[in-house]
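What follows is a set of notes on a single structure, which appears directly below.
Numbers for residues simply follow the sequence, beginning at 1.
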Amino acid sequence: MTEPCFLADAMLGKLTRYLRILGYSAEYTQEEDSKIVQRFKKSRCIILTRDKFLCQRLPRNCVYVNSIDVKNQLIELKLKTGIRYELPITPKRCSLCNAPLRRIGVMGDREVWVCTKCGQPYWRGSHIRRIENVIREINMMFGE
């Protein structure tokens, strides 16, 4: 079974970043609906949108996300797709551009990775602990 990939519209930027941090391929687009439909036809990714009309045009593999806050969006996505949430031991994807990360070594007491496309550096900071807490809460809700 292959990992799902996602294509999120302009209203779901924060959800897109969370999915990337969780290791999923999640593209973000600000394109108009007709272009999203064209991209969808060439892709096997799940479309994520807050646009009911877009989902009506793509009844297969389209998830309408009603919530406006990211925690509830993650809960909705889990309910609708069964996706598993677990932070990878080592970061896999750039939260800005979705490209893979490469480990560059240790700086001080932190292990550091860099995006292979945009050069953004990453380390496990307090933001990851906050995300871990959100994921832990959601997984507990689902008995995981």
Side-chain angles (χ1 to χ4, degrees), residues 1-105 110-144:
M1 180 188 230
T2 61
E3 288 286 318
C5 63
F6 300 95
L7 174 59
D9 71 9
M11 295 179 268
L12 296 171
K14 193 166 188 177
L15 177 61
T16 302
R17 287 189 301 278
Y18 266 66
L19 289 169
R20 290 171 178 170
I21 290 167
L22 289 165
Y24 292 105
S25 176
E27 290 187 46
Y28 174 76
T29 182
Q30 295 183 359
E31 296 171 319
E32 60 189 44
D33 289 358
S34 61
K35 294 214 188 249
I36 293 172
V37 170
Q38 289 173 355
R39 286 181 68 178
F40 173 76
K41 290 177 180 177
K42 298 175 186 175
S43 168
R44 292 179 175 251
C45 292
I46 297 167
I47 302 291
L48 305 175
T49 184
R50 294 205 64 239
D51 181 341
K52 287 181 185 180
F53 299 111
L54 177 58
C55 257
Q56 289 172 352
R57 292 174 65 186
L58 300 167
R60 181 183 54 83
N61 286 340
C62 186
V63 175
Y64 171 70
V65 179
N66 187 53
S67 300
I68 58 171
D69 68 278
V70 74
K71 181 179 177 184
N72 286 324
Q73 289 172 346
L74 288 163
I75 291 167
E76 273 189 75
L77 185 57
K78 188 168 187 66
L79 282 168
K80 293 175 181 178
T81 67
I83 186 175
R84 294 193 51 83
Y85 295 141
E86 185 177 345
L87 277 169
I89 303 283
T90 60
K92 297 185 181 308
R93 298 198 163 270
C94 178
S95 63
L96 299 177
C97 74
N98 199 39
L101 300 180
R102 174 178 52 85
R103 184 180 182 276
I104 59 172
R110 294 183 173 158
E111 197 167 2
V112 180
W113 296 266
V114 67
C115 176
T116 58
K117 183 176 178 184
C118 72
Q120 175 72 27
Y122 289 88
W123 60 90
R124 291 184 69 85
S126 59
H127 63 292
I128 295 297
R129 286 187 284 285
R130 284 190 301 274
I131 292 169
E132 282 175 328
N133 289 335
V134 169
I135 298 307
R136 188 178 306 109
E137 287 177 33
I138 292 171
N139 286 338
M140 286 175 57
M141 289 173 60
F142 287 87
E144 296 176 357

Of all the heavy-atom pairs spanning [X] and [Y], show the shortest one and how long it is.
X	Y	answer
Thr16	Ala26	CG2-O, 3.5 Å
Cys45	Leu7	CB-N, 4.2 Å
Glu27	Asn98	CG-ND2, 4.0 Å
Gly119	Val114	O-CG2, 3.2 Å
Asp9	Tyr28	O-CE1, 3.4 Å
Leu48	Leu15	CD1-CD2, 4.1 Å

Straight-line distance of [X] [atom1] to [Y] [atom2], nearest 0.5 Å:
X	Y	atom1	atom2	answer
Met141	Leu74	CE	CG	11.0 Å
Arg20	Ser25	CZ	OG	8.0 Å
Met11	Thr49	CE	OG1	4.5 Å
Cys97	Gln120	SG	CD	9.0 Å
Lys92	Leu87	NZ	CG	11.0 Å
Arg102	Trp113	CZ	CH2	13.0 Å

Give yes when the SG atoms of Cys118 and Cys94 are nearer than 2.5 Å, otherwise give no.
->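 No disulfide here.
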[X] atom [atom1], over 12 foreign heavy atoms within 6.0 Å:
X	atom1	value
Lys80	NZ	yes
Glu31	CD	yes
Arg103	CZ	yes
Ile128	CD1	yes

Contact between [X] and [Y] at the side-chain level, heavy atoms closer than 4.5 Å - yes or no?
X	Y	result
Glu3	Tyr24	yes
Ile21	Tyr122	no
Lys78	Asn139	yes
Ile83	Leu19	yes
Tyr18	Leu77	no

Any chance the side chains of Arg136 and Asn133 put a donor and an acceptor closer than 3.5 Å?
->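 Arg136 vs Asn133: donor-acceptor pair found between side chains.
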Counting distance only, does the side-chain N/O of Glu76 pair as donor-acceptor with the main-chain N or O of Ser67 below 3.5 Å?
-> yes
Carboxylate-amine/guanidinium proximity below 4.0 Å for Glu132 and Arg124 |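 Counted as a salt bridge, because a side-chain N and a carboxylate O are separated by less than 4.0 Å.
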Go through Arg84 and Glu144 one step at a time and tell me if the side-chain contact (heavy atoms from CB on, under 4.5 Å) criterion holds.
-> CA-CA 9 Å; Arg84 294 193 51 83; Glu144 296 176 357; 4.0 Å; yes
